[in-house]
There are 4 protein chains.
Amino acid sequence: MTAASAHAASRGRIDKRHAILDAAITVFARQGYAQACVKEIAAEASVAKPTVYNHLTDKANLFRQAVEAAADALHAENLAALDGLTRPGDDLRAALEDTGRRLLRHHCSERSTALRRLLHAEGTRFPDLLGLPSVDPRTLATALADRLARLCVTGRLRLTDPDRAAEQFLALLTGPVDLRSGYAGRSMTTGEQDGIARAAVDVFLSAYTGSPAPPE
Amino acid sequence: MTAASAHAASRGRIDKRHAILDAAITVFARQGYAQACVKEIAAEASVAKPTVYNHLTDKANLFRQAVEAAADALHAENLAALDGLTRPGDDLRAALEDTGRRLLRHHCSERSTALRRLLHAEGTRFPDLLGLPSVDPRTLATALADRLARLCVTGRLRLTDPDRAAEQFLALLTGPVDLRSGYAGRSMTTGEQDGIARAAVDVFLSAYTGSPAPPE
Amino acid sequence: MTAASAHAASRGRIDKRHAILDAAITVFARQGYAQACVKEIAAEASVAKPTVYNHLTDKANLFRQAVEAAADALHAENLAALDGLTRPGDDLRAALEDTGRRLLRHHCSERSTALRRLLHAEGTRFPDLLGLPSVDPRTLATALADRLARLCVTGRLRLTDPDRAAEQFLALLTGPVDLRSGYAGRSMTTGEQDGIARAAVDVFLSAYTGSPAPPE
Amino acid sequence: MTAASAHAASRGRIDKRHAILDAAITVFARQGYAQACVKEIAAEASVAKPTVYNHLTDKANLFRQAVEAAADALHAENLAALDGLTRPGDDLRAALEDTGRRLLRHHCSERSTALRRLLHAEGTRFPDLLGLPSVDPRTLATALADRLARLCVTGRLRLTDPDRAAEQFLALLTGPVDLRSGYAGRSMTTGEQDGIARAAVDVFLSAYTGSPAPPE
DNA sequence: TATGAATGAGCATTCATTCAT
DNA sequence: AATGAATGAATGCTCATTCAT
């Protein structure tokens, strides 16, 4: 076997594993853990059932790996959405709104919704998942708190507890979305999301800035 | 059969139905819909399996009825928590905090947590449940919006969109709780809950009152 | 439910259990433990597969119970074959031959052959079975030794170690049978069996009678 | 390819085949035919699964070849144990006891026990195996009968049916061993074996010698 | 009405066997 | 010749649901 073909082969193996994990979240999200059957996941990934077991051992492990992969991806995207806050430029409001909008885009994506549903549903039966940083929502909150603390140091915000402020910012974004979506149902236009983001920033700034929030 | 005994009998029938529904949420909450087996529910209710079917037809219907009953009870409690806002007396802040605390008590209760978990997990497979007023979180939001609108009319608050303000108030309460609890894991002291409620009211008032929020 | 019908019902339950155990040994004997599938056992017993599980929990337990029942039955028959030795009358040779013939009849029966095959095959995986008195071949040997000891006391035999003599008597009976049958294959006429029994008694008596047995 | 390397290669091939067969009996003996999986045999032989198939076609064939090889080896040993009976010298009793002890050593070896277990368990599913001379116990019995017949001709024994006598000699040896071992369980000290061999010879000689067995 | 017993359908998992390399 | 990967076929077991009592 040449180096190239070896590389191709291991590449193929990784691709297949990826395809299976991808199929897995899709099906798990659609059916739930218990209702999802491995046969269906295999079909969705266009492989035979034992291939799934060859690559991932177990239904439980399949679930874990699939959730972990999805959570990692989403978490990375969310972290990236915070970048604009590190050096916000002149317009803090705009930077916050931009971050808010991006976070809401992710939060409302089908993947994210499905992932949250799965974690809610099966978290108690897979406690190890809840310990993963990319799964624990406090990881994002802490990262946001870091940004807010810098903004406080540079005098752009006035706050005493960055963690609490970060929680509240996130709450003001996702809370209304979750509330309107009911339990994993209705989707939402980007316009609606933007309105929520703007309102969240309004409240946030009026609380954590010397001057009251500007009228709409 | 005398009228009295008929009454007693139907009373017994209702009691048994109640016992079954009670056992059902308990077990469903512990195991999830698919993993819960009717046998276990019957055992928890101390009846035989066919009795469950006699009273409730179906596993699906059993789930529906159990969830509906639990949701109704919780919803009533939540509505009651809003009462203090109708005529808040002098101290609006105190009234809001009290409402916040009470809502958080409910929100953090085991029953409520379990119910949300079940709705998240199975909502898509029981869309009819999501339409129930006591299940739809917008029902509570609307009721709160009503109170806030009155407060606006009486000049205690300054807001243009009571629905949005209500959403945000609820978000500031439950968002931090959910965030810290991870997905249905860690529980929370009442002290923590009270801190969250106070912080929520701080932010809320600073956004929706003329004067800036008082420092902590 | 009347006492009679209750009795009938429990009788029916026992009958069904019996039918399942019966089907089980048949199939296990035909296929071996691992190759036998519960579905086939259920079919042989004319019940549905879950009924087998309702009555007997497990494939392993099914095996255990079936083997135990068969072993008990065979053991009882074998013990009965020893009865003629307790008071042998004038003709000791005839009594021994009769016992020998009866033991060989049992030993050559399809049930007994199948049972020995199963125990040989799966004994290591079901060590608890090997501890059962009706399974342990030493139980029969000891019972025979008891009879031989009585015959020694009454002067009909001359032997110093009844256990060893019993072992040898049984060996002289079953050894040639097993040898000729190959490993659970060829069956054997009763005439052949009788010849073996007579030869066994010849050897046994010449060792343990009139003419002095060699001192050890 | 040179003749030497060809030779080396075919030697390597044979070695590998041997290693596989060796691993096979080990695993088959431990697990039984059906429970043994080819993967485990391959692992025990330190080769990949397809290599097993390359060399031995089939699980069934693998079993056959492995059993046949083991049976051949054991049979050769058993035949060798009979050598001392061809010209027994002065002390017939000693020669018989020596043969008996050696046969019991083999009979009690782990390999032999395992082989018998496998043949008992799977004999009916591999009838061709039962036809092999080294598997058929009558082969050894006949060889022994030959020796006994010679001893009869030379006046050392008095018997009319050498086949029957041979069967009985073997029965007196292996019967007590099998009886005490239960079904594939308890092992046995060489002292115990020697006692059984001596007792077997006692009985055998008292039956097949004109005069009673000579005292020790 | 309440229940012990029975069942049909489904699912996770394993394994002998075969390709492609 | 040897192997990693893939698959079709089976099998043990569970569970929602229905009868018969």
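Note: hydrogens, waters and symmetry copies are ignored here, and every other heavy atom, side chains too, is used. Order of the sequence lines sets the chain letters (A, B, ...), proteins ahead of strands, with each chain counted from 1. As the structure is a computational prediction, the values presented were derived from the model and not from experiment.
- Distances shorter than 4.0 Å separate some side-chain N or O of A/Lys59 from OP1 or OP2 on E/dA12.
- Each of A/Val38 and B/Thr51 lies near DNA chain E, and the nucleotide nearest B/Thr51 is the one positioned closer to the 5' end.
- Side chain of B/Cys37, nearest nucleotide from F/dA16, E/dC15, F/dT11: F/dA16.
- Closest approach to the B/Lys49 side chain among F/dT17, E/dT3, E/dA16 is made by F/dT17 (side chain taken as heavy atoms from C-beta onward).
- In this structure, C/Val67 and C/Glu122 have side chains that are not in contact, with every pair of non-hydrogen atoms separated by 4.5 Å or more.
- Across the strands present, F/dA2 finds its partner in E/dT21; the criterion is a Watson-Crick or G-U wobble pair with both atom distances under 3.5 angstrom.
- Computed from coordinates, the C/Ile41 CD1 to F/dG12 C1' distance equals 11 Å when rounded to whole Å.
- No donor-acceptor pair closer than 3.5 Å links the side chain of A/Lys59 to the backbone N or O of A/Cys37.
- Ionic pairing of C/Arg30 and C/Glu44 is present here: one or more N-O contacts between side-chain nitrogen and carboxylate oxygen are shorter than 4.0 angstrom.
- Taking for each of D/Thr57 and C/Ser46 the nucleotide of DNA chain E with the nearest heavy atom, the 5'-most of the two is the partner of C/Ser46.
- Taking side-chain N and O atoms only, A/His55 has a distance below 4.0 Å to OP1 or OP2 of F/dA6.
- Using the six-membered ring where Trp is involved, D/Phe63 and D/Phe28 have ring planes that are perpendicular, over 60° apart on the 30 and 60° scheme.
- The side chain of D/Ala48 sits closest to F/dT3 out of F/dT7, F/dT3, E/dA2.
- Note: NZ (A/Lys39) to C1' (E/dT14) measures 16 Å, nearest angstrom.
- The nucleotide F/dC13 finds its pairing partner in E/dG10, both defining distances of the Watson-Crick or G-U wobble pair being shorter than 3.5 Å.
- If you check every strand for non-hydrogen atoms under 4.0 Å, D/Ala36 touches sugar and phosphate atoms only.
- Distances shown here put every side-chain N or O of B/Lys16 at or beyond 4.0 Å from the OP1 or OP2 atom of E/dT1.
- Atoms CG (B/Leu56) and C1' (F/dT17) sit 14 Å apart, rounded to a whole Å.
- Using a 4.5 Å cut-off on side-chain heavy atoms (C-beta onward), A/Val52 and A/Lys39 make no contact.
- Between the CD atom of C/Gln35 and the P atom of F/dG12 there is a distance of 11 Å, given to the nearest Å.
- Between the CD atom of A/Gln31 and the C1' atom of E/dC11 there is a distance of 13 Å, rounded to whole Å.
- Each of B/Pro50 and C/Ala60 lies near DNA chain F, and the nucleotide nearest C/Ala60 is the one positioned closer to the 5' end.
- Taking atom CG on B/Asp58 and atom C1' on F/dT18, their separation rounds to 13 Å, with Å as the unit.
- As a whole-Å value, the separation of D/Phe63 CZ from E/dC15 C1' is 18 Å.
- You'll find that the side chain of C/Asn54 is closest to E/dT7, out of E/dT7, E/dT18, E/dA12.
- Atom pair C/Arg17:CZ and E/dG4:C1' shows a separation of 16 Å (rounding to whole Å applied).
- Contacts classified as side-chain hydrogen bond (donor to acceptor under 3.5 Å, both in side chains) and involving residues 61-71 of chain A (residues at least two apart or in different chains) are given here: A/Arg17-A/Gln65, A/Asn61-A/Gln65, A/Arg64-A/Asp128.
- Nearest to the side-chain atoms of C/Tyr53 among the listed nucleotides F/dG8, F/dT14, E/dT13 stands F/dT14.
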